[in-house]
Structure formats: C-alpha cells, structure tokens
Student: 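Below: one structure in structure tokens.
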Amino acid sequence: MFDFLDSGQYDLLGAFWVTVQLTLYSAAGSLVWGTVLAGMRVSPVPLMRGFGTAYVNVVRNTPLTVLIIGCSLGLNQTLGITLGGGTFKDIGFRLAVLALTAYTGTFVCEALRSGINTVPVGQAEAARALGLSFFQVLTLIVLPQAFRAVIGPLTNVLIALTKNTTVAAAIGVAEAALLMKEMIENEAQALFAVFGIFALGFVLLTLPTGLILGWVAKRVAVKR
Amino acid sequence: MTSVLYDTPGPKAKARNWLYSAVFLVVLGLGLWWVLSTMADKNQLDADKWTPFVTDGEIWSTWLIPGVLETLKAGLIAMVIALPLGALLGIGRLSDHAWVRIPVGAFVEFFRAIPVLMLMLFGSALYVRFSDVSSEQRPLYAVVTGLVLYNAAVIAEIVRAGVLSLPSGQTDAAKAIGMRKGQTMVYVLVPQAVTAMLPALVSQLVVILKDTALGGSLLALPELLSMARQIAANYSNTIASLVMIAVLFIAMNFALTTAASQLEKRLRKSKKSTGATVDLAAIDAGAGGGAGTV
C-alpha cells in the first residue's frame with residue numbers, strides 16, 4: 001500500500017521541510033511586524049493609530065490566497081520585483097514568506113493588543129510617575145507582561161500559520177500541499193494512504209507546538 | 001483622550017506628536033511614491049487599465065459578478081451544511097457517554113489539524129474515484145466538502161466553548177427542577193450558548209468566505225479570485241484587476257465583520273444574555289488550534 005514511498009520519486013521529507021521553513025521565517029517576520037503594528041495601534045500619534053487600524057482591517061479581510069497570488073502575479077511578474085533574485089524557487093519562497101508575514105502580522109497585532117489590555121492600569125501609571133516616556137512604558141513595562149499573557153493566543157496564531165503555509169502551493173512553492181496534489185494525481189489507487197501520510201505530518205507538526213507552548217504559557221503566566 | 005500608556009498630551013507632548021505625525025507621513029509618502037513610481041514604470045497606472053471597471057459594464061457582467069456569486073454560493077452551501085453538523089458534533093463532544101464523546105472528539109481534533117486546502121484536494125480526488133459527479137461540478141463539490149469538514153470541526157469547538165462558558169448554576173437549576181440531561185441541553189444551555197457564540201460564528205463565516213479563494217487558485221472553481229487571470233488576459237491590467245478583486249472580498253468580509261460586532265454589542269446589552277461570549281482566538285489550542293484564521 002505504501003510502496004510508492006520507496007520509489008524515491010517523492011521527496012516527502014523535503015516538502016515538509018519547506019513547510020517548516022515557511023512557517024519559521026513567516027513566524028519570525030510576523031512577530032516583528034505584528035509587534036510594530038500593535039505599537040502603532042496603541043501609540044499617542046493619531047496618524048500611526050489610523051494607519052495601524054486601517055492596515056489590520058484591510059489585510060485581515062483579504063483572503064490569504066489573494067495576497068499570495070497578488071505577490072506572485074502583481075509584485076513579481078508585473079512589477080518585476082524579485083526580492084533579491086535567485087532561482088524561480090527562491091523567489092517563490094520569499095514571496096510566500098512576504099505574503100504570510102503581511103497577513104499573520106495582523107493576527108499577532110490583535111493578540112498583542114488584547115494582551116496589553118490585561119496589564120493593570122496602575123502599572124503604567126506607576127511607570128509614568130517615574131517619568132518614563134511612552135516608548136519606555138511600552139517596551140519596559142507593558143509589552144514584556146503582555147507577551148507572557150498572550151502566549152496562548154499566539155500559539156493558536158502559529159498553528160494557523162503552519163496550516164496556512166499550504167496556500168503557498170497556489171504559486172508553486174514545493175511544500176507539502178503541492179506534493180500531496182501531485183501524489184494524489186499519480187497514485188490514485190493509494191488515495192487514502194497518501195492523505196493519511198500528509199494528515200499525520202500536519203498532526204506531528206501542530207500537536208507538539210500546541211503542547212509545548214501550552215506548557216510554556218502556564219509556566220510564564222503573570223500571577224495576579 | 002487618555003490611555004493606559006500615556007497621559008492626555010500637554011502642549012509639549014502635542015507638539016511632539018505633531019512632529020512624529022509629520023515624520024510618519026513623510027515615510028508613508030515615500031513608500032507610496034515608491035509603489036506608484038514602480039507601477040508607473042511598468043505602465044500599470046495608465047488610465048486604460050483602470051477605467052474599464054467604470055466604463056465597461058462587460059467586465060462586471062462577464063467576470064466580476066459571476067465570480068462574486070460563485071464565491072457566495074460555495075460559502076453559503078458550506079455554511080448551511082457546516083452549522084448544524086458542527087452543532088451536533090459540539091454537543092456530541094460534551095456527551096456523558098464515552099462511546100459518543102471519544103470518537104466525536106477524535107473526529108473534531110483530526111479535521112481541525114488538517115489544512116483546509118488538503119481537505120479540498122482529498123475531496124476532489126474522492127469524487128473522481130468514487131462518484132460520477134461531472135467534471136464541471138467537481139470543483140464546487142470538492143471546495144464545499146473541504147470547507148464543511150474543516151469548519152464543522154471548528155464550529156463544534158465554538159459550540160462546546162459556548163456551552164462551557166455558561167455559569168454552572170444554569171445546569172444546577174435545571175437539575176433542581178427535575179430536567180433530564182437532554183432537556184437541560186435543549187431548553188436551557190443551547191439557547192443561551194447561541195447568544196454567547198453568535199459573534200464567533202459570524203467571524204467563522206468570514207473565514208469560510210475567504211477560504212473559497214483556495215478553490216479558485218488550485219481547483220478551478222470559477223470564484224472571484226480565479227477571474228483575475230481572465231480579466232488580466234483581456235485588458236492586460238493584472239494589478240488593477242487584483243486590486244479590484246481584493247476590494248470586493250474586503251467589502252464582503254467587512255460587512256460580515258461589522259454585522260458580527262454590532263450583534264455582539266446588542267447581545268451584551270440585552271438582558272437575555274449571560275454576558276458570556278466566546279472569543280475565536282481563545283478557543284483551546286489542541287492539535288488543531290487557532291480556530292481557522294486563513
């Protein structure tokens with residue numbers, strides 16, 4: 001039943017490795033971008049707040065598929081942006097990371113903003129009474145606590161991101177979903193085995209993430 | 001206005017905020033200028049690429065409106081099937097009988113962990129092998145199958161979280177007046193849980209609508225996004241048509257999101273609600289986790 005795996009025709013581990021890489025790069029990118037967005041959305045400068053709000057509402061309501069296809073057709077093929085060049089494969093990978101980061105950043109931003117709301121007002125007041133500036137209050141007092149409070153929601157964002165990387169198949173990035181599409185077409189007689197393998201792969205990717213980060217969230221939660 | 005993070009600005013802070021605004025505006029302007037000049041270099045700003053959306057009715061009647069309708073159709077069918085199925089699964093997961101609870105739990109956790117795109121691809125292959133669905137109908141069937149399997153599992157979690165969010169006094173009171181388990185669920189818990197989870201359910205509808213776009217790019221479903229290539233092929237305006245399609249998606253989803261938040265406000269005010277609400281993001285991260293943010 002699983003003999004098609006021995007043929008060496010399919011690079012199963014390679015495809016899942018691309019999925020993992022997509023996830024890790026986009027996770028790092030969206031964590032940074034989401035924090036910047038959250039900082040804008042709570043800042044005292046009205047223009048930055050407006051930009052943050054508009055960005056989050058627009059991007060969150062756009063299907064990820066539209067963003068990824070837009071990056072490929074619009075940025076790359078029409079405007080000729082190659083993000084540092086390289087082979088077709090490298091460019092597709094980077095475009096996918098760009099779109100995933102732009103998209104996931106909005107969810108990180110919203111999670112962080114709800115985390116900022118869990119910090120008691122008294123703490124920020126005390127920090128201000130010491131003469132700290134907005135930037136100092138945010139980075140020294142509020143964000144460190146907010147991050148600890150939102151590890152749970154951020155885990156959900158990370159797991160959703162892992163699953164969302166499959167959308168990169170739409171622009172031909174050789175990750176798990178694209179390989180599955182190919183294998184389903186070629187190995188129609190082993191349909192359930194193929195689906196089972198990929199399903200198992202995603203369970204193996206997301207289950208430990210959930211368990212480990214769930215444990216971390218409990219360990220670092222701010223006791224109030 | 002005051003916030004946790006900063007005082008009401010005095011004259012000095014106001015001046016500083018103006019300065020920051022100006023700097024930010026310059027940065028934003030530079031970014032915009034770069035985008036526009038890059039687009040102008042590739043002739044993407046020419047009037048004839050954008051005016052067809054206003055002057056040429058055919059672009060709407062041939063592509064955009066049929067695309068929107070197909071998107072809504074796939075989304076609506078999936079919602080209509082996934083909602084009752086999800087409700088049943090959610091209640092099944094809360095069952096006192098292990099032989100119901102455990103298989104339903106396994107089903108829900110499994111389908112929550114699999115990317116919806118893979119479910120669509122699998123569905124499509126299933127219809128090829130085991131049914132005589134015609135090849136024109138197959139993409140719609142496959143997309144709906146994928147959406148239903150994934151979203152029913154997510155909705156099951158929402159329903160479960162909705163029921164669990166109710167104060168335990170509700171069950172106690174129902175028991176005290178002699179209701180059976182089934183009666184407690186049907187007459188006491190579910191009606192109240194519905195109000196708590198309505199906002200989360202409407203947000204999930206946005207997810208379903210967004211996910212239909214996957215069918216366009218990988219399964220040849222003639223939905224809105226798949227029209228981009230065809231419009232661009234006729235008017236050679238890739239960016240303009242992508243922007244237009246994004247605007248239509250945003251408008252549909254924004255309408256749903258706004259409806260959800262209005263609903264939440266009304267429910268919070270109404271006396272019938274227990275005040276409990278289910279937050280999509282807060283639903284426990286199991287193997288699946290992240291109640292679908294595609």
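Each chain gets a letter, A, B and so on, in the order its sequence line appears, and its residues count up from 1. Computed from a prediction, not measured in an experiment: that's the story for all the values here.
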Student: Need one label for A:Ile81: side chain, backbone, both or neither, based on atoms under 4.5 Å from any heavy atom in chain B.
Tutor: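 Contact with chain B: side chain only.
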Student: What part of A:Ser133 is in contact with chain B, defined as an atom under 4.5 angstrom from a non-hydrogen atom: side chain, backbone, both or neither?
Tutor: neither
Student: Any side-chain heavy-atom pair from B:Ile114 and A:Phe195 closer than 4.5 angstrom?
Tutor: yes
Student: With a 4.5 angstrom heavy-atom cut-off, is it the side chain or the backbone of B:Leu256 that approaches chain A, or both, or neither?
Tutor: neither
Student: Determine the option with the most heavy-atom pairs under 4.5 angstrom with chain B, choosing from A:Ile69, A:Leu79, A:Thr209.
Tutor: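 When all of A:Ile69, A:Leu79, A:Thr209 are compared, A:Leu79 has the most.
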Student: Give the member of B:Asp41, B:Ile245, B:Val128, B:Leu126 that has the highest number of heavy-atom pairs under 4.5 Å with chain A.
Tutor: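 Option with the greatest count: B:Leu126.
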Student: In Å, rounded to the nearest 0.5 Å, how long is the span from CG of B:Leu214 to CG of A:Leu64?
Tutor: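 Here the rounded value is 8.0 Å.
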Student: Is there a side-chain contact between B:Gln44 and A:Thr78 (heavy atoms, below 4.5 Å)?
Tutor: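 Contact flag for B:Gln44/A:Thr78 side chains = yes.
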Student: Atom CD1 in B:Ile239, atom CG in A:Leu73: separation rounded to 0.5 Å?
Tutor: 9.5 Å
Student: At a heavy-atom distance under 4.5 Å, which candidate from A:Ala177, A:Pro44, A:Gly80 has the highest pair count against chain B?
Tutor: A:Pro44
Student: Under 4.5 Å, heavy atom to heavy atom, which residues of residues 11-22 of chain B contact chain A?
Tutor: B:Asn17, B:Tyr20, B:Ser21
Student: Is any residue of residues 246-255 of chain B within less than 4.5 Å of chain A by heavy atoms, and which ones?
Tutor: B:Ala246, B:Phe249, B:Ile250, B:Asn253, B:Phe254
Student: Grab the two heavy atoms, one from A:Phe202 and one from B:Ala113, that are nearest each other, plus how far apart they are.
Tutor: CB-O, 3.8 Å
Student: Work out which heavy atom in B:Leu242 is nearest to a heavy atom in A:Gly70; give both atom names and the distance.
Tutor: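 Shortest heavy-atom separation between B:Leu242 and A:Gly70 comes out as CD1-CA, 3.7 Å.
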Student: Select one option (side chain, backbone, both, neither) describing which atoms of B:Leu25 are under 4.5 Å from chain A's heavy atoms.
Tutor: both
Student: Between A:Ala176 and chain B, which part of the residue has a heavy atom less than 4.5 Å away: side chain, backbone, both or neither?
Tutor: both
Student: At what distance, to the nearest 0.5 angstrom, does CG of A:Asn164 lie from CG of B:Leu117?
Tutor: 10.5 Å
Student: Counting a contact as any heavy-atom pair under 4.5 Å apart, which residues of residues 52-61 of chain A contact chain B?
Tutor: A:Asn57, A:Val58, A:Arg60, A:Asn61
Student: According to ring pair (Phe, Tyr, Trp, His ring centres under 6.0 Å), who are the partners of A:Tyr10, at least two apart in sequence or on a separate chain?
Tutor: none
Student: What part of A:Ile184 gets within 4.5 angstrom of chain B, counting heavy atoms only: side chain, backbone, both, or neither?
Tutor: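 It is the side chain, since no backbone atom gets that close.
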Student: Might you point out which heavy atoms bring A:Arg128 and B:Tyr6 nearest each other, and give the distance in Å?
Tutor: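 Smallest interatomic distance, heavy atoms only, reads NH1-N, 3.6 Å.
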Student: Check each atom of B:Leu121 against the heavy atoms of chain A and say whether the ones under 4.5 Å are side chain, backbone, both or neither.
Tutor: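 For B:Leu121, backbone and side chain are both near chain A.
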Student: Answer yes or no: is there a side-chain heavy-atom contact under 4.5 Å between B:Leu28 and A:Phe51?
Tutor: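 Yes, their side chains come closer than 4.5 Å.
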Student: Is it the case that more than 12 heavy atoms not belonging to B:Arg229 sit under 6.0 Å from its CZ atom?
Tutor: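 For B:Arg229, atom CZ is not crowded (no more than 12 foreign heavy atoms under 6.0 Å).
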Student: Based on non-hydrogen pairs under 4.5 Å, which of A:Met180, A:Glu185, A:Gln189 is most in contact with chain B?
Tutor: A:Met180
Student: Within this structure, what is the NZ-CE distance for the pair A:Lys181 and B:Met120, rounded to the nearest 0.5 Å?
Tutor: 13.0 Å
Student: If I take atom CE from residue B:Met118 and atom NZ from residue A:Lys163, how far apart are they, to the nearest 0.5 angstrom?
Tutor: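 Going from CE on B:Met118 over to NZ on A:Lys163, the span is 12.0 Å.
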Student: Can you give me the closest heavy-atom contact between A:Ala188 and B:Arg129, atom names plus distance?
Tutor: O-NH1, 3.0 Å
Student: For the CZ atom on B:Phe111, are there more than 12 heavy atoms of other groups (residues, nucleotides or ligands in this structure) within a distance under 6.0 Å?
Tutor: yes
Student: Yes or no on ring pair (Phe, Tyr, Trp, His ring centres under 6.0 Å) for B:Phe122 and A:Phe198, after CA distance, side-chain angles and deciding distance?
Tutor: CA-CA 11 Å; B:Phe122 179 61; A:Phe198 283 94; over 10 Å; no
